[in-house]
Amino acid sequence: MSKQSWKPGNMLYPVPAVLVSCSDKEGKDNVLTVAWAGTICSDPAMLSISVRKERYSYHMIKESGEFVVNVTTKELAYAVDYCGVRSGRDEDKFKSMHLTKGKAEKVGAPIIMESPVNIECKVRQILELGSHDMFLAEVVNVQVSDEYMDEKGSFHLNDSELLAYSHGEYYHLGEKLGTFGYSVRKPTGKKTGNAKKRGN
């Protein structure tokens, strides 16, 4: 087994490819694709997104101090790619991709109804890092789709065929390999393959 050394670069894959919705002070909405998003704190719940200054949405987010991270699925893959290569300066991407706007509860930006999870955020800090600025934001509300709730009130997000981005390509999550902590549990004889479908 051998290795090559490359110049420094971002090779941390896969990453979530999310749709970020935002609004300006005049109430104009936009949606952009962000692959550089991540969890940064659990208490308080916080996440980050990194956006180039030249992106149309950058000043919307900076001026309003709000945005929504909309988790994406296999069904949304085309819209995810489109919203990453087209600019809101030139068109209404909600209309172009037939994305349904919904009302957020705690922020002014809309949610995307086709997304299984909508994470409403308020910006707490902006870090100017170079090619991108990082928006550190507090999660102020989360909306989830009833479609993935079972009769016991459990949310089955992994049934939604979540989307991931890896080295220029889109994938949806496949076979389950285990659950958190399975490596240190005593064997039960149960397989760790695909999860059972929720009840109807």
Side-chain angles (χ1 to χ4, degrees), residues 10 12-25 27-53 55-77 79-80 83-84 88 93-94 99-129 132-150 153-165 172-173 179-181:
N10 294 300
L12 182 61
Y13 292 115
V15 293
V18 298
L19 290 171
V20 174
S21 47
C22 53
S23 300
D24 63 18
K25 292 183 177 180
K28 185 174 182 180
D29 303 323
N30 192 44
V31 56
L32 77 156
T33 300
V34 173
W36 293 355
T39 297
I40 56 174
C41 189
S42 59
D43 186 16
M46 295 184 70
L47 56 75
S48 69
I49 61 170
S50 293
V51 183
R52 290 182 180 271
K53 282 188 172 74
R55 294 293 295 268
Y56 179 63
S57 297
Y58 176 90
H59 291 289
M60 288 185 167
I61 296 171
K62 186 174 182 180
E63 291 168 8
S64 69
E66 300 176 342
F67 61 88
V68 178
V69 171
N70 303 276
V71 173
T72 60
T73 64
K74 178 182 178 181
E75 187 174 308
L76 287 167
V80 169
C83 291
K93 290 185 279 186
F94 280 97
L99 297 172
T100 307
K101 293 181 187 179
K103 183 174 177 56
E105 294 189 6
K106 302 290 187 180
V107 300
I111 67 170
I112 296 174
M113 295 298 292
E114 289 79 6
S115 168
V117 178
N118 315 100
I119 307 169
E120 302 175 28
C121 302
K122 287 186 178 289
V123 177
R124 296 301 181 222
Q125 188 177 356
I126 302 173
L127 300 179
E128 297 188 12
L129 301 174
H132 292 65
D133 282 4
M134 178 182 286
F135 292 88
L136 305 181
E138 183 174 351
V139 176
V140 294
N141 191 61
V142 177
Q143 297 192 46
V144 300
S145 297
D146 289 336
E147 179 182 357
Y148 299 104
M149 299 293 295
D150 66 18
S154 295
F155 185 53
H156 296 266
L157 176 60
N158 292 327
D159 287 350
S160 67
E161 296 188 302
L162 294 168
L163 192 68
Y165 180 77
H172 70 90
L173 300 189
T179 57
F180 179 75

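- Proximity of a side-chain donor or acceptor of E161 to a complementary backbone N or O of E75 within less than 3.5 Å is not detected.
- Rounding to the nearest 0.5 Å gives a distance of 14.5 Å between CE of M60 and CZ of F67.
- Closest approach of E66 to C22, counting heavy atoms only: O-CB, 4.3 Å.
- Between K25 and E63 there is no salt bridge, since no side-chain nitrogen of the basic residue lies less than 4.0 Å from a carboxylate oxygen of the acidic one.
- In this structure, V18 and I119 have side chains that are not in contact, with every pair of non-hydrogen atoms separated by 4.5 Å or more.
- Distance check, rounded to the nearest 0.5 Å: NE2 of H172 to OG1 of T72 gives 12.5 Å.
- To the nearest 0.5 Å, atoms CG (N30) and CZ (F94) are separated by 7.0 Å.
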Practice item. Kindly determine whether Q143 and N118 satisfy side-chain hydrogen bond (donor to acceptor under 3.5 Å, both in side chains), including the steps that lead there. Key: CA-CA 5 Å; Q143 297 192 46; N118 315 100; 5.7 Å; no
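- With rounding to the nearest 0.5 Å, the separation of OG1 in T73 from CG in L157 is 10.0 Å.
- Taking each heavy atom of C121 and V139 in turn, the nearest pair found is SG-CG2, 4.4 Å.
- Note that CZ of R124 and CD1 of I40 are 11.5 Å apart. Values are rounded to the nearest 0.5 Å.
- Nearest heavy atoms, F155 versus M149: CD1-SD, 3.5 Å.
- Minimum interatomic distance between R55 and G84 (heavy atoms only, all atoms of both residues): NH2-O, 4.1 Å.
- Expressed to the nearest 0.5 Å, how far CG of N70 lies from OG of S21 amounts to 4.0 Å.
- Ring geometry for H132 against W36 counts as tilted: the plane angle lies between 30° and 60°, on a 0 to 90° scale.
- In this structure, L163 and L76 have side chains that are not in contact, with every pair of non-hydrogen atoms separated by 4.5 Å or more.
- The 12-atom threshold is not exceeded at CG of L12, counting heavy atoms of other residues, nucleotides or ligands nearer than 6.0 Å.
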Exercise for review: Show your working on side chain to side chain contact (heavy atoms under 4.5 Å, CB included) between L99 and K93 and close with a plain yes or no.
Suggested key: CA-CA 8 Å; L99 297 172; K93 290 185 279 186; over 6 Å; no
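- Sorted by first and then second residue, the pairs that involve residues 38-53 and meet salt bridge (Lys or Arg N to Asp or Glu O under 4.0 Å), not counting sequence neighbours, are R52-E54, K53-E128, K53-D133.
- In terms of modelled atom types and a separation under 3.5 Å, the side chain of E120 and the main chain of K106 share a donor-acceptor contact.
- Annotation: side chain of L32 is not in contact with side chain of Y56 (no heavy-atom distance under 4.5 Å).
- Of all heavy-atom pairs between V71 and L162, the closest is CG1-CD2, 3.5 Å.
- Smallest separation of non-hydrogen atoms from P110 and S23: CD-OG, 3.4 Å.
- Annotation: side chain of L19 is in contact with side chain of T33 (closest heavy-atom distance under 4.5 Å).
- Side chain of S57 to backbone of V31: no donor-acceptor contact under 3.5 angstrom is found.
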